[in-house]
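Here is the structure we will look at.
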Amino acid sequence: MAKDLTSREDNYSQWYNDLVTKAGLAENSAVRGCMVIKPYGYAIWENMQAALDKMFKDTGHENAYFPLFIPKSFFSKEASHVEGFAKECAVVTHYRLKNDPNGGGVIVDETAKLEEELIVRPTSETIIWNTYRDWIQSYRDLPLLINQWANVVRWEMRTRLFLRTAEFLWQEGHTAHATQQEAIEEAEKMLNVYADFAENWMAIPVLKGVKSANERFAGAIETYCIEALMQDGKALQAGTSHFLGQNFAKAFDVKFLSKENKQEYVWATSWGVSTRLMGALVMTHSDDNGLVLPPKLASVQVVIVPIYRTEEQFEAITIKALEIKKKLEEKGIRVKYDNRDTHKPGFKFSEWEFKGVPVRLAIGPRDLENETIEVARRDTLEKESLQMLNIELKVEHLLEQIQKNLFQKALDNRTLNTFKVDTWAEFLVQIEKGGFLVAHWDGTAETEQKIKEETKATIRLIPLEQSTETGKCIYSGAPSKARVYFARAY
RNA sequence: CGGGGUGUAGCGCAGCCCGGUUAGCGCGCGUCGUUCGGGACGACGAGGCCGAUGGUUCGAAUCCAUUCACCCCGACCA
């Protein structure tokens, strides 16, 4: 398998594509721009979902589900929102097919035209806020803290597995609050949840900040984001949390009666992460030998491979392997015993390595004799022979180490590829090499636009923790209050 | 939507320019045997209306026209 994998150096995006398909995470489907998420990939997504879902619930949110279809008229109610999404909407216009009288199979029955077209949701603010109008009357109904796990459709021109697909899976939180401050706090809280998840589960270090006006979500007052740096020096937006102000409340007329008996508009947030995180996971940790998965999200954390010649050996090893499997499972570790007799050990080694399983245990006749076991870790590719005694403790510890090591490696990579840049000439040189460029910016959309046109670099974020350092804009030379992060992005 | 490219077995490709009988190769797949501590080997075997439609021709994977799909580079984007 690995021998067929394009190296990262040769062609990073080819490497990514090969890896995603050959490791069995996902593949392109018969539908343009839409992927099939395969069992091995979906299992990882399920682990992400489970961790995130718990974090959402621990912060007081509940799950609900809203319709896939949104009446077209809802979209026109929030002007900047419609502008942001109009160009990539799938639209349902008819509700019936009929047999083609000319024998061409089924065709759209033109008589079955919808009176109002339905948009396949690209995001659910409009249908949700239209619903919230009926749910909220009093300050006592607030805050309303709801999350939805769903699929959405954005008709993208160019798609890439996980990173940008016409349909993708995500969660979207939509909350309603009595005060501006509370809504801002919510948006910031969820940003922190995302950052926590990215760093502690995905082992991906992220920067936290806000978007510039140009990059802001359509309809938001403020867009908070976490940004990660991939191995090739391009940035990837890993999650966003929006403070929506009263924009949607006003558009959908969602008011509440305050303690003071006054009618007031509700304050809103929305926040989401998507299957794009799968792409971030691959591009952060994996190498030329295949996937590298952080233990906390790997669907199989430990694989046990038996090495045997005879049926008797196989039976003896199986007894031992199942014993170890049980001990590991008692520690909450996800273990697979690969007892397939249709493949040789060498094949299994490379297959599991390619699939990124964090720890591999091998047991052969020699091990049975010596009470040892071979332990191989995927992140460093090191292997050693250990005593079988208390192996579950050693493996448990090793998994923790791997998780930490992956994060540290990613962090080191980001540190190594983050550059303070003070002149435009420097900027032009460095942007070609990739990485985050931390530079002064005059705060204007015009400058941001010019920089984008000339270099393809965008402002990834304005850091939350602002330094007090002032300076001159890298491009215009105008005064700047703080440095921002530039990068080319996915 | 602009520019470039590709459609032949599950996957990767050759054949096409210069039309000619049963359309090849590698990987993968199946059976049997020998193997099994890092991707095994041998023998035999299965698998194709050559993207679609129409035309030229005695004859089309090959030539012509139309069409569809996909990929890459731009504009758009989680």
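Scope of the values below: all heavy atoms of this structure, side chains included, with no hydrogens, waters or symmetry mates. In what follows, chains are A, B, ... by sequence order, proteins preceding strands, each numbered from 1.
When the shell of 6.0 Å around CZ of Arg340(A) is examined, it contains more than 12 heavy atoms from other residues, nucleotides or ligands. No more than 12 heavy atoms of other residues, nucleotides or ligands lie within 6.0 Å of CD in Glu83(A), so this atom counts as exposed by the packing criterion. Heavy atoms from other residues, nucleotides or ligands lying under 6.0 Å from CH2 of Trp155(A) number 12 at most.
Two residues, Ile307(A) and Ala238(A), neighbour RNA chain B, and the one matched to the more 5' nucleotide by heavy-atom proximity is Ile307(A).
Heavy atoms of Thr165(A) sit under 4.0 angstrom from at least one base atom. Residue contacts for Phe168(A): at a heavy-atom cut-off of 4.0 Å it reaches a base atom on one of the strands shown. Among the atoms of the strands shown, base atoms are found under 4.0 Å from some heavy atom of Ser274(A). The residue Leu163(A) sits close to a base: some heavy atom pair falls under 4.0 Å.
When distances are taken from the side chain of Lys344(A) to each of G38(B), G37(B), A78(B), the shortest belongs to G37(B).
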Item checked: Watson-Crick and G-U pairing of RNA chain B written in dot-bracket, each distance under 3.5 angstrom, with | for inter-strand partners -> ((((((((.[[[[.)....(...]]]].((((((.....)))))).....[[[[[..)....]]]]])))))))....
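Using modelled atom types and a 3.5 Å distance limit, the side chains of Glu167(A) and Thr165(A) yield no donor-acceptor pair.
Annotation for Arg460(A) and Ala235(A): closest pair CG-CB, 3.8 Å, computed over non-hydrogen atoms.
Nucleotide G38(B) holds its C1' atom 8 Å from the CZ atom of Arg360(A), rounded to whole Å. Spacing between atom CG of Asp341(A) and atom P of U35(B) amounts to 16 Å, rounded to whole angstrom units.
If you check distances only, the side chain of Lys383(A) does reach the base of G38(B) with a donor-acceptor pair under 3.5 Å. Side-chain N/O atoms of Glu351(A) and base N/O atoms of G39(B) include no donor-acceptor pair closer than 3.5 Å.
In this pair, His343(A) and Phe347(A) present their aromatic rings parallel. The plane angle is below 30°, not in the 30 to 60° band.
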